[in-house]
Amino acid sequence: MEELEKLALLLEEGDVQSVASLTQQLVDSGMSAQTILNNGLIVGMGVVGEKMRTGEMYLPEVLQSATAMHASLKILKPLLAQGGIQPLGKIVMGTVKGDVHDIGKNLVGILLQGAGFEILDLGVNVGPAKFVDAINQHNPSLLAISAMLTTTMLNMKTTIEAIGSAGLRSKVKIIVGGAPVSQKFADEIGADGYAQNAVRAVDKVKEMLTIA
Ligand code: B12
């Protein structure tokens with residue numbers, strides 16, 4: 001079996017140790033972190049998502065796959081984040097209230113860091129007040145909000161409203177993303193930008209902050 005197929009399968013099986021060691025092995029063999037991520041890990045996680053939807057995989061198993069993905073990303077992070085020299089600006093990020101999905105958000109953060117931004121990650125299950133406090137405290141140029149559930153994506157709207165009520169809306173650009181989020185939804189809730197994945201997020205953020 002091809003090594004990347006094997007990695008995807010091990011991720012699906014939630015074999016944390018083997019995913020970590022195969023990741024390290026592939027890195028050592030000279031394979032790029034982007035290839036390992038896109039053609040191994042994300043492929044595997046796609047299968048997990050589909051099996052979760054059809055009821056073939058249950059929550060504890062999915063969590064185990066997520067743990068394996070975290071272990072692999074820990075190895076890939078320094079490679080994916082390579083390249084940033086001068087800080088281009090400060091970005092505060094977080095997953096909205098009620099939502100604990102963080103793999104996609106973390107990836108967006110890693111690539112933005114790699115592009116030269118300073119990242120302040122508030123983590124998961126972040127309520128509107130915490131986002132408001134972070135803007136007051138850190139004065140970022142941009143806020144990146146993630147949501148992975150059709151129910152919790154509505155909390156993006158509440159968050160943007162809270163930022164408006166605190167009089168901070170004009171101080172910070174807001175980008176939203178996550179599987180159920182679309183450009184249309186971003187427009188509806190008054191976000192400044194949307195990106196479908198982490199690679200596009202980097203380009204979009206640069207465009208939003210008018211960085212060449
Ligand atoms: C792993 C996982 C979990 C793990 C999360 C672990 C963790 N630490 O993240 C656990 C087991 C905890 C979990 C729990 C649940 N999950 Co879940 N989960 C997933 C799964 C399989 C993978 C998500 C993932 O990491 N993908 C890989 C990353 C790389 O992709 P990504 O997250 O989409 O991120 C990319 C883009 O979306 C974008 N992006 C993401 N964030 C941002 C932010 C910005 C600013 C930008 C610009 C872009 C961006 O860029 C990222 C990188 O390219 C998905 C299925 C799927 N296909 O998405 C279901 C899925 C999201 N989960 C789902 C559900 C239903 C649940 C639960 C409600 C299940 C339950 N019955 O309890 C709970 C909810 C828990 C909660 N309160 O949050 C559903 C959501 C359905 C819906 N439409 O609402 C999905 C789609 C599965 C399914 N097919 O049914 N889950």
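One-based numbering, in listed order, for ligands and for the atoms of each. Worth knowing before you read on, the calculation uses all heavy atoms, side chains too, and leaves out hydrogens, waters and symmetry mates.
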Out of curiosity, is Gln196 lining ligand 1, as in a heavy atom under 4.0 Å away? yes
Quick look: Ala201 vs ligand 1, heavy-atom contacts under 4.0 Å, and the answer is side chain
Looking at Lys77, I'd like to know if its NZ atom is crowded, meaning that more than 12 non-hydrogen atoms belonging to other residues, nucleotides or ligands lie closer than 6.0 Å. no
Drop me the distance from Lys105's NZ to Ile110's CD1, to the nearest 0.5 angstrom. 9.5 Å
Protein contact of atom 34 (O) of ligand 1 - nearest heavy atom, named by residue and atom, plus distance: Gly104 CA, 3.2 Å
Spacing of Ile163 atom CD1 and Lys171 atom NZ [to the nearest 0.5 Å]: 12.5 Å
Does His70 reach ligand 1, in the sense of a heavy atom lying below 4.0 Å from it? yes
Mind listing the side-chain donor-acceptor pairs of residues 31-39 below 3.5 Å, one per line with the distance, residues two or more places apart or on another chain?
from  : atom 1 : to    : atom 2 : distance (Å)
Ser32 : OG     : Thr35 : N      : 3.1
Ser32 : OG     : Thr35 : OG1    : 2.8
Asn38 : ND2    : Gln34 : O      : 3.2

Kindly confirm or rule out an N or O of Ser146 lying under 3.5 angstrom from an N or O of ligand 1. yes
Throw together a table of side-chain donor-acceptor distances under 3.5 angstrom for residues 138-151, partners on residues two or more places apart or in other chains.
none

Does Asp102 approach ligand 1 within less than 4.0 angstrom via side chain, backbone, both or neither, non-hydrogen atoms only? both
State the atoms of ligand 1, each with its element, that fall below the 4.0 Å cut-off from a heavy-atom position in Asn197. 38 (C), 50 (O), 53 (O)
Side-chain polar contacts of residues 123-134 - donor-acceptor pairs under 3.5 angstrom, sequence neighbours left out - could you list them?
from   : atom 1 : to    : atom 2 : distance (Å)
Asn125 : OD1    : Gly98 : N      : 2.7

Is there a protein heavy atom at a distance of less than 4.0 Å from atom 85 (C) of ligand 1? no
Which heavy atom of Gly44 sits nearest to which heavy atom of Leu11, and what is that distance? C-CD2, 3.6 Å
With side-chain contact (heavy atoms from CB on, under 4.5 Å) as the test, would you mind laying out the steps for Thr159 and Met156 before giving the verdict? CA-CA 5 Å; Thr159 301; Met156 290 177 151; 5.6 Å; no
Regarding ligand 1, does Tyr194 bring an N or O atom to under 3.5 Å of one of the ligand's N or O atoms? no
Here the gap from Lys6 atom NZ to Glu13 atom CD, rounded to the nearest 0.5 Å, amounts to 10.5 Å
Quick test: of every protein heavy atom, which one is nearest to atom 42 (C) of ligand 1, and how far off is it to 0.1 Å? Gly177 C, 3.5 Å
So do the side chains of Thr152 and Lys97 get within less than 4.5 Å of each other, counting heavy atoms only? no
Could you tell me whether Gln17 atom CD has more than 12 heavy atoms of other residues or ligands within 6.0 Å of it? no
Atom 26 (N) of ligand 1 [closest protein heavy-atom partner, distance rounded to 0.1 Å]: Met45 CG, 3.7 Å
Give yes or no for whether the N/O distance cutoff of 3.5 Å, strictly under, is met between Val100 and ligand 1. yes
When you measure from atom 83 (N) of ligand 1 to every protein heavy atom, which one gives the shortest distance, and what is it? Thr150 CG2, 3.5 Å
Give me the nearest non-hydrogen protein atom to atom 12 (C) of ligand 1 as residue plus atom name, then the distance to 0.1 Å. Leu63 CD1, 3.7 Å
Taking only non-hydrogen atoms of Gly178 and a 4.0 Å limit, the atoms of ligand 1 in range are 37 (O), 39 (N), 40 (C), 41 (N), 42 (C), 49 (C)
Neighbouring protein N, O or S atoms of atom 17 (Co) of ligand 1 [cut-off: under 2.8 Å, no waters]: His101 NE2
Which atoms of ligand 1 have any heavy atom of Ala179 under 4.0 Å away? 37 (O)
Working for side-chain contact (heavy atoms from CB on, under 4.5 Å), residues Asn106 and Asp121: CA-CA 8 Å; Asn106 293 350; Asp121 190 347; 3.6 Å; yes
Answer yes when Arg169 and Asp192 have at least one side-chain N-carboxylate O distance shorter than 4.0 Å, and no when they do not. yes
In the protein, what heavy atom is nearest to atom 29 (C) of ligand 1, and what distance, to one decimal place, separates them? Leu107 CD1, 3.6 Å
Check this for me, if you would: do Lys51 and Glu61 make a salt bridge, where the nitrogen-to-carboxylate-oxygen distance has to be below 4.0 angstrom? no
Please state which part of Ile103 comes within less than 4.0 Å of ligand 1, counting heavy atoms only: side chain, backbone, both or neither. both
Taking non-hydrogen atoms only, is Val176 closer than 4.0 angstrom to ligand 1 via side chain, backbone, both or neither? backbone
Can you name the one residue among Leu73, Val199, Leu112 that meets side chain to side chain contact (heavy atoms under 4.5 Å, CB included) with Leu107? Leu73
Are any of the protein's heavy atoms under 4.0 angstrom from atom 63 (C) of ligand 1, yes or no? yes
Where the closest heavy atom to atom 89 (N) of ligand 1 is concerned, which of Met57, Met153, Arg53 has it? Arg53
Within-cutoff protein neighbour (heavy atom, under 4.0 Å) for atom 54 (C) of ligand 1: no
Under the 3.5 angstrom rule, does the side chain of Ser72 hit a backbone N or O of Val19 as a donor-acceptor pair? no
Which is it for Val96 and Met153 under the side-chain contact (heavy atoms from CB on, under 4.5 Å) test, yes or no, and what are the steps along the way? CA-CA 8 Å; Val96 284; Met153 68 196 269; over 6 Å; no
Looking at ligand 1, does any of its N/O atoms fall within less than 3.5 Å of an N/O of Gly98? yes
Looking only at protein heavy atoms, which one is nearest to atom 52 (C) of ligand 1, and what is the separation? Ala198 N, 3.6 Å
Hey, is atom 71 (N) of ligand 1 under 4.0 Å from any protein heavy atom? no
Ala66 heavy atoms within 4.0 Å reach ligand 1 at atoms 6 (C)
Option among Ile175, Ile119, Leu120, Leu122 that satisfies the side chain to side chain contact (heavy atoms under 4.5 Å, CB included) test with Met93: Ile119
Where do Lys206 and Phe117 land on the side-chain contact (heavy atoms from CB on, under 4.5 Å) test, with the steps shown first? CA-CA 10 Å; Lys206 284 185 175 171; Phe117 292 95; 4.3 Å; yes
Location of contacts on Ile145 toward ligand 1, heavy atoms closer than 4.0 Å: backbone
